[in-house]
Amino acid sequence: MKTFEIIAGTYEEFLLGYDFFHKGKRLVQSFASHDHTASVRCVAASAHFVASGAADDRIILYDFKHRKEHFMLSHHDSTVTCLEFTPNHSHLVSGSQNGVLSVTRVGNWQVEKMWGKAHKGAAILDVAVHQSSKLALSLGEDCVLRTWNLVKGRQAYAINLRSKSKDAKSLCKISWAADGVRFLLFGGKYTEIWSIESGGVVQVIEHDVKVSSCIWYNDKKLLVGYEDGNLCLLTLSSLKKKVYKAHKDRIKALVSYDEWIISGSSGGEIKVYDKDLQELCKTNSDCRLTSLVILPPVNLKKEELEKEEEPEEEEGAEEEEEPEEEEEPEEELEEEEEPEEEQEPAVDDVVSIEEEDEEEEVQPKRKRRKKKSKSEKN
């Protein structure tokens, strides 16, 4: 049985899948989908759903219970640059090249909130949702880091990175730490560790080579991928670096799952390592990779398997009621409590926020009372 499945987006418009088998230490291609008409820029996974965003302005949802296309979102009018599901699996947050940030409910796939000028029209580079699912961070080409209150559906803070970062224009990605207090920003030759407790940057790390990818290895270490194809295990306290030769081309994506690390290069190579960064297996997709995401094995329930195996009923036969699938409780954006103040970064250089004109909800019209004439009054 496969241990997990790697989903990869490519510049060649394909969405590729590879099954990893730990016992045999091998990667086997599971599918190749060509549903997009432009390069796939980002992928995200939650439970049995996988979302892919592309330069064709579309987001395609796949249901991996039945391994087929499930739904398509077309509310963006520009390249979809980033995607992330909330950890509670209730919503999908997406950003685009023209600066639109949206929140879509999982299940009925209705767009519940959309900010047309989230970064004043500048492109949204990345978005990261907090473990509580109550707030999200977005990074834009305007060199501003914005905090979004997902409970109330509005912007909370905006931090000008030009006064905080050494190379704000090169920063391109965000990643929360497991503790939910720290997050990292990286790009160019810098990696920055931020804390929402201290309200700013707590550590800046300079590299000799440009950083192309970076993830948290654990609470005390980072795993950094460079443009020269090397991997670096970096200890934050001592800044001690242990470098591994991983790929010939730049490392485009890094992801971790349980005790495994997966890397993908711009040349199309995918490798799986153990926690000691010993290579277990590799494959070449023959495509230029843009993004990676891990999908744990999706097991169908016994009732669902029996339903799929049942032959179609003849015409005229009485239709039996199908058992309803158990759905996870959906959480409303506006009904949750506000996140605690300590979870939102508050720094000295907070940009004053001018709230955008939000669309007012349509209120039901009240019935007008008919004025009585003088004769009726008498």
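Every value quoted in this text rests on a predicted model; they were computed, and no experiment measured them. All residue numbers in this chain count up from 1 along the given sequence.
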- Using a 4.5 Å cut-off on heavy atoms from C-beta on, say whether the side chain of Val293 contacts that of Leu295. no

Strictly distance-based, threshold 3.5 Å: is any side-chain N or O of Asp126 a donor or acceptor partner for the main-chain N or O of Ile174? yes

State, with a plain yes or no, whether a side-chain heavy atom of Thr104 is found less than 4.5 Å away from one of His75. yes

| request: Evaluate the criterion side chain to side chain contact (heavy atoms under 4.5 Å, CB included) for residue pair Gln29 and Thr283; output intermediate values, then yes/no. | output: CA-CA 9 Å; Gln29 186 169 353; Thr283 188; over 6 Å; no

*asked:* Contact between His91 and Leu150 at the side-chain level, heavy atoms closer than 4.5 Å - yes or no?
replied: no

When Leu125, Asp77, Thr79 are each screened for side chain to side chain contact (heavy atoms under 4.5 Å, CB included) with Gln97, the one that passes is Thr79

### Query
Just by distance, do the side chain of His36 and the backbone of Ala55 share a donor-acceptor pair under 3.5 Å?
no

**OP:** If the plane angle is over 60° it's perpendicular, under 30° parallel, otherwise tilted; pick one for Trp109 and Phe71.
**Re:** parallel

Ser138 and His119 have their tightest heavy-atom pair at OG-NE2, 2.8 Å

Has the side chain of Asn284 got a donor or acceptor atom that lies under 3.5 Å from a matching backbone atom of Asp286? yes

Taking side chain as C-beta onward, heavy atoms only, is Asp35 less than 4.5 Å from Leu15? no

SG (Cys143) and NZ (Lys169) are apart, to the nearest 0.5 Å, by 6.5 Å

* Asked: Would you find a donor on one side and an acceptor on the other, under 3.5 Å apart, between the side chain of Arg250 and the backbone of Ser212?
  -> no

NZ (Lys68) and OG (Ser33) are apart, to the nearest 0.5 Å, by 14.0 Å

TODO: Kindly say whether Ala168 contributes a backbone atom to a donor-acceptor pair with the side chain of Lys166 at under 3.5 angstrom?
DONE: no

*Counting only heavy atoms not in Lys2, do more than 12 sit closer than 6.0 Å to its NZ atom?*
yes

- request: Taking the six-membered ring for Trp and the full ring for Phe, Tyr or His, determine whether the centres of Phe14 and His34 are under 6.0 Å apart.
  value: yes

Fill in: Close side-chain approach of Lys173 to Cys214, heavy-atom, < 4.5 Å
no

Closest non-hydrogen atoms of Ser90 and Asn88, given as atom of the first, atom of the second and distance, are OG-OD1, 2.8 Å

Backbone N or O of Gly268 within a donor-acceptor pair of the Ser285 side chain at under 3.5 Å?
yes

Would you please indicate if the ring centroids of Tyr62 and Phe31 are separated by under 6.0 Å? no

Greater than 12 external heavy atoms within 6.0 Å of Lys282's NZ
no

Just by modelled atom types, is the His22 backbone N or O under 3.5 Å from a matching donor or acceptor in the Thr3 side chain?
yes

Here the gap from Thr81 atom OG1 to Leu139 atom CG, rounded to the nearest 0.5 Å, amounts to 10.0 Å

Would Leu223 and Leu277 count as a side chain to side chain contact (heavy atoms under 4.5 Å, CB included) if you check the C-alpha gap in whole Å, the side-chain angles of each, and the deciding distance to 0.1 Å? CA-CA 10 Å; Leu223 188 61; Leu277 292 178; 3.8 Å; yes

Under 4.5 Å between side-chain heavy atoms, hopping through other hydrophobics if needed: is there a path connecting Trp260 to Ile294?
-> yes

What one should report as the nearest heavy-atom pair of Ser102 and His76 is OG-NE2, 3.4 Å

On a heavy-atom basis, the closest approach of Gly95 and Ile124 is CA-CD1, 4.1 Å

Look only at the side chain of Asp276 and the backbone of Gln278, and say whether a donor-acceptor pair between them is shorter than 3.5 Å.
no

Using the side chain to side chain contact (heavy atoms under 4.5 Å, CB included) rule, take Trp216 and Leu236 through it: C-alpha gap first, then chi angles, then the decisive distance, then the call.
-> CA-CA 11 Å; Trp216 293 88; Leu236 294 175; 4.0 Å; yes

> Are the side chains of Thr235 and Lys220 in touch, meaning some heavy atoms are under 4.5 Å apart?
Replying inline: no

On a heavy-atom basis, the closest approach of Tyr257 and Pro297 is OH-CD, 4.4 Å

Let me check something: do Val272 and Phe21 share a hydrophobic cluster, defined by ILVMFWY side-chain heavy atoms less than 4.5 Å apart, either directly or through other members? no

Result for side chain to side chain contact (heavy atoms under 4.5 Å, CB included) between Ser265 and one of Lys248, Arg288, His247 points to His247

Interatomic distance, CG@Leu289 vs OG@Ser266, rounded to 0.5 Å, equals 8.0 Å

When every non-hydrogen atom of Ser46 is compared with those of Phe85, the smallest separation belongs to CB-CG, 3.3 Å

### Message
Quick check on Lys240: does its NZ atom have over 12 non-hydrogen neighbours (other residues, nucleotides or ligands) under 6.0 Å away?
### Response
no

In the structure I gave you, are the side-chain heavy atoms of Leu239 and Gln203 within less than 4.5 Å of one another anywhere? yes

So the salt bridge (charged side-chain N to carboxylate O under 4.0 Å, His left out) pairs with at least one residue in residues 37-58 (sequence neighbours excluded) are Asp56-Arg58

To the nearest 0.5 Å, atom OG1 of Thr290 lies from atom CD of Glu13 at 11.5 Å

Notebook entry, point to check: Looking just at side-chain N and O atoms, do Ser263 and Tyr273 make a donor-acceptor pair shorter than 3.5 Å?
Noted result: yes

Check your understanding: Is the NZ atom of Lys275 crowded by more than 12 outside heavy atoms at less than 6.0 Å?
Key -> yes

Fill in: Within one Ile-Leu-Val-Met-Phe-Trp-Tyr cluster: Val201 and Leu145, side-chain cutoff 4.5 Å
yes

Could you give the side-chain donor-acceptor pairs of residues 181-188 under 3.5 Å, partners two or more places apart or in another chain?
unit_1, atom_1, unit_2, atom_2, d
Arg182, NE, Asp179, OD2, 2.9
Arg182, NH1, Asp219, O, 3.2
Arg182, NH2, Asp179, OD2, 3.3
Arg182, NH2, Asp219, O, 2.9

Between the CG atom in Leu101 and the NZ atom in Lys117, the distance rounded to the nearest 0.5 Å is 15.5 Å

Heavy-atom side-chain contact between Val100 and Trp115 under 4.5 Å
no

Review point. Do Tyr226 and Tyr244 sit in the same hydrophobic cluster, where Ile, Leu, Val, Met, Phe, Trp and Tyr count as joined when their side-chain heavy atoms come under 4.5 Å apart?
Key: no

- Examine Val211 and Ile215 and state if one hydrophobic cluster contains both, with Ile, Leu, Val, Met, Phe, Trp and Tyr joined whenever side-chain heavy atoms are less than 4.5 Å apart. no

- Crowded around Asp208 CG? As in, over 12 foreign heavy atoms under 6.0 Å? no

From the list Phe64, Tyr18, Phe20, ring-ring contact (aromatic ring centres under 6.0 Å, His included) with Phe4 holds only for Phe20

Anything under 3.5 Å between a donor and an acceptor, one on a side chain of residues 227-234, the other on a protein residue two or more places apart or in another chain? List them.
unit_1, atom_1, unit_2, atom_2, d
Asp228, OD1, Asn230, N, 3.1
Asp228, OD2, Asn230, ND2, 3.3

> Any donor and acceptor pair, going by atom type alone, linking the side chain of Thr191 with main-chain N or O of Ile205 inside 3.5 Å?
Replying inline: no

Within the side chain of Lys120, is there an N or O that forms a donor-acceptor pair under 3.5 Å with the backbone of Asp142? no

